[in-house]
Structures are given as structure tokens and as C-alpha cells.
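Below is one structure; the comments refer to it alone.
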Amino acid sequence: MSAFVKESALIWHNGRLIPWKDATVHILSTAVQFGSSVFEGIRCYKTKNGSAIFRLPEHLKRLHQSCRIYRIDLAYSVADLVDACRVTVRENGMEACYIRPMVLRGYGDMGMASTVNPIETYVTAWEWGNYLGQDGEQIGLDVCVSSWNRPAPNTSPGLAKAAGHYNNAQLIKLDALAKGFAEAIALSPDGLVSEGSGQNVFAVIDGALVTSPINGTNLSGITRDTVIKLAADLGIAVIERPIPRELLYVADELFYTGTATEIVSIRSVDHIKVGDGKIGPVTRSLHSAFQDIITGTVPDRHTWLTSI
Ligand code: PMP
């Protein structure tokens with residue numbers, strides 16, 4: 001048993017459940033050599049009406065899009081993968097967990113862009129709590145602007161959630177941690193706010209939400225979309241527009257969104273306090289609207305929950 005991950009019993013591989021420890025790939029598979037692997041990160045919540053997976057078809061649709069961008073022939077439909085995710089959570093006996101489907105180019109031919117190697121599809125799931133820690137949840141995060149930029153449009157395609165892209169994300173995160181920050185906000189090559197290492201970024205300015213457009217440098221986050229829809233429910237205006245770096249220093253509120261991260265307030269950027277340094281009212285109301293849905297406290301009016 002690893003000290004780092006709470007291992008679950010089973011992993012879904014190409015249509016059947018196998019023991020966790022048997023989900024291995026060869027060192028010379030294209031995915032290991034060249035990062036040819038696309039994936040998703042999804043959460044299953046324990047709601048008042050039983051366990052339910054949040055925005056499952058939307059995540060699996062994005063997985064299909066990542067495959068299409070990288071010319072990976074995925075043998076399973078969104079509906080097949082919905083079943084695979086449900087069965088993986090159920091058969092592992094988990095109530096709340098993080099689900100990580102992965103589709104990768106396997107072993108055989110050694111060419112860099114091999115299309116003959118088998119495509120391996122996995123659905124893994126494990127129990128995973130608060131990604132950015134209790135402090136993030138309770139008081140907000142101290143973050144920096146990364147010294148690493150996000151890739152330019154038409155380099156690593158931003159809409160694809162591909163493992164290789166996460167080398168850039170690792171540089172962003174490692175840079176932040178080395179400087180004593182919890183996370184970072186990375187800029188696009190033109191110096192505008194792009195996203196975190198694994199999060200989209202929102203600012204609150206004069207009561208309205210402002211977020212960067214999806215512009216080829218950032219991921220089209222599903223939690224980002226969730227927040228935009230919850231803001232509409234709450235009558236909060238949302239403006240998608242380029243964000244200059246310095247807006248981070250003068251915004252009333254800032255927060256991250258992401259599946260692992262959920263909705264987490266940012267209380268300082270580069271040691272400059274955001275607003276009064278406390279979790280602001282707009283962040284709080286969106287956070288609680290989100291909590292109401294994922295706990296099943298309010299009806300699932302957007303049909304975002306798939307029961308297991
Ligand atoms: N950007 C990046 C680079 C990410 O890895 C993630 C996490 N998937 C996000 C944004 C947020 O996306 P989502 O809300 O769909 O999890």
C-alpha cells in the first residue's frame with residue numbers, strides 16, 4: 001500500500017476490471033516516452049440522495065475532444081465511459097472519490113508519432129480530499145504570478161487535456177512551491193492572465209465576475225462553466241475578457257476553479273493582499289451554491305449529477 005495514495009481495489013481497463021496493482025504499462029510505451037496520454041479528472045460526491053458523479057458526460061465529452069485533437073481512436077463512446085466510471089466507483093465500494101479516466105498510446109512501435117500501437121483506456125478512482133489543503137478552503141491561498149508562461153496558441157493545444165502539457169503545469173507549480181506559495185497564476189505569452197497550474201481563475205470587480213476567455217492558452221474548465229451558470233442563477237454578471245496582470249492586484253476578490261480544487265479563494269498575489277484579504281461575499285455565495293448542489297441540499301436543477 002502506497003503512503004501517498006489511498007489505493008482502491010480495482011481499475012477499469014479496456015472493458016474489464018483488473019486489480020489496482022496490475023494496471024501497468026511498458027516503459028517503452030509511447031505514452032511514457034512522449035507523453036501521449038489524454039485524461040480527465042472528475043469528482044464523485046456523497047449527496048443526500050446517494051453517491052453521484054458531477055458533470056460526468058461533459059468530462060467524457062472533453063476526453064473525446066482531447067482524443068480527436070491528438071488523433072487517438074477511442075473505442076468507447078461517452079455512454080460506454082459513463083458506464084465504466086459508474087462501475088469503477090461502485091465496484092470499489094466508494095462513496096466520494098476522484099475519478100481519472102486515461103487514454104494512452106501503448107507499446108509496440110518505437111516511432112515518436114506511432115499510430116499502430118494499441119490504444120489503452122483506463123478508468124481509475126481513489127479517495128482524494130481537499131486538493132489545495134484546509135487553508136485554501138478556510139482562509140484562502142497565497143499565490144504568485146508564475147515566472148513560467150503558458151504555451152502559446154497553436155503549440156500545445158489548450159483545449160486538449162493531455163499529459164504532455166502538464167510538464168508546463170509542473171514548472172508553474174514547482175516554481176510557486178519553491179518560492180513558498182501554495183499555487184501560481186500563469187500568464188499567456190502575451191502577458192495576460194491565463195490560468196493556474198490546474199485551475200481557471202476568476203476575479204470579482206465591482207460585483208461582477210471577470211474571467212479570461214478560452215484563447216488557446218488555457219483549458220475550458222468544467223468548473224469554470226459551472227461557476228458561470230451558477231452566477232447566472234444568482235444574478236451575478238459574468239464578463240469574459242482579457243485580464244492584464246495588474247488587475248490581479250486590484251480585484252475585489254479572486255478565486256480558482258477546478259475539479260480537484262473546486263472553488264477556492266485567493267487571498268494574496270505576489271504578497272499583495274486581494275481586497276481585505278478575507279474570503280469575499282461573491283466567492284462565498286458561489287461556493288455555497290456549488291456546495292448545495294454537490295451535497296444534494298438543493299434539487300439538481302441543471303442535471304449535473306449522475307448517480308452511480
Ligand atoms: N486548467 C488546467 C490546466 C487544469 O488541469 C484544470 C483541471 N482539469 C482546469 C483548468 C480546471 O478544469 P476543470 O474545472 O474542468 O477541472
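As the structure lists them, so they are numbered: ligands from 1, and atoms in each ligand from 1. Worth knowing before you read on, the calculation uses all heavy atoms, side chains too, and leaves out hydrogens, waters and symmetry mates.
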Worksheet item: Under 3.5 Å, side chain of Arg105 to main-chain N/O of Thr30, donor-acceptor pair present?
Response: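 No, because the side chain of Arg105 does not come within donor-acceptor range (under 3.5 Å) of the backbone of Thr30.
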
Self-check item: Common cluster, Val143/Leu247, ILVMFWY with side-chain heavy-atom separation under 4.5 Å
Solution: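 They do share one cluster, since a chain of ILVMFWY contacts under 4.5 Å joins Val143 to Leu247.
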
* Asked: Can a salt bridge be assigned to the pair Lys179 and Asp175 using a cut-off of 4.0 Å between side-chain N and carboxylate O?
  ->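 Salt bridge between Lys179 and Asp175, a charged N being under 4.0 Å from a carboxylate O: yes.
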
message = Is any side-chain heavy atom of Ser197 closer than 4.5 Å to one of Glu183?
response =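 Sidechains of Ser197 and Glu183: in contact.
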
The protein residues that pass the under-4.0 Å heavy-atom test against ligand 1 are Arg62, Lys161, Tyr166, Glu195, Ser197, Gly198, Gln199, Asn200, Leu219, Gly221, Ile222, Thr223, Thr257, Gly258, Thr259

Heavy-atom closest pair, residues Asp270 and Val145: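 Smallest interatomic distance, heavy atoms only, reads OD1-N, 2.9 Å.
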
Self-check item: Hydrophobic cluster of Phe54, others only, ordered by chain and residue number, side-chain cut-off 4.5 Å
Solution: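 Members other than Phe54 - counting any ILVMFWY side chain reachable under 4.5 Å - are Tyr45, Phe202, Val204, Leu209, Val227, Ile228, Leu230, Leu234, Ile236, Val238, Phe255, Ile263, Val282, Leu286, Phe290, Ile293, Ile294, Val298, Trp304, Leu305.
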
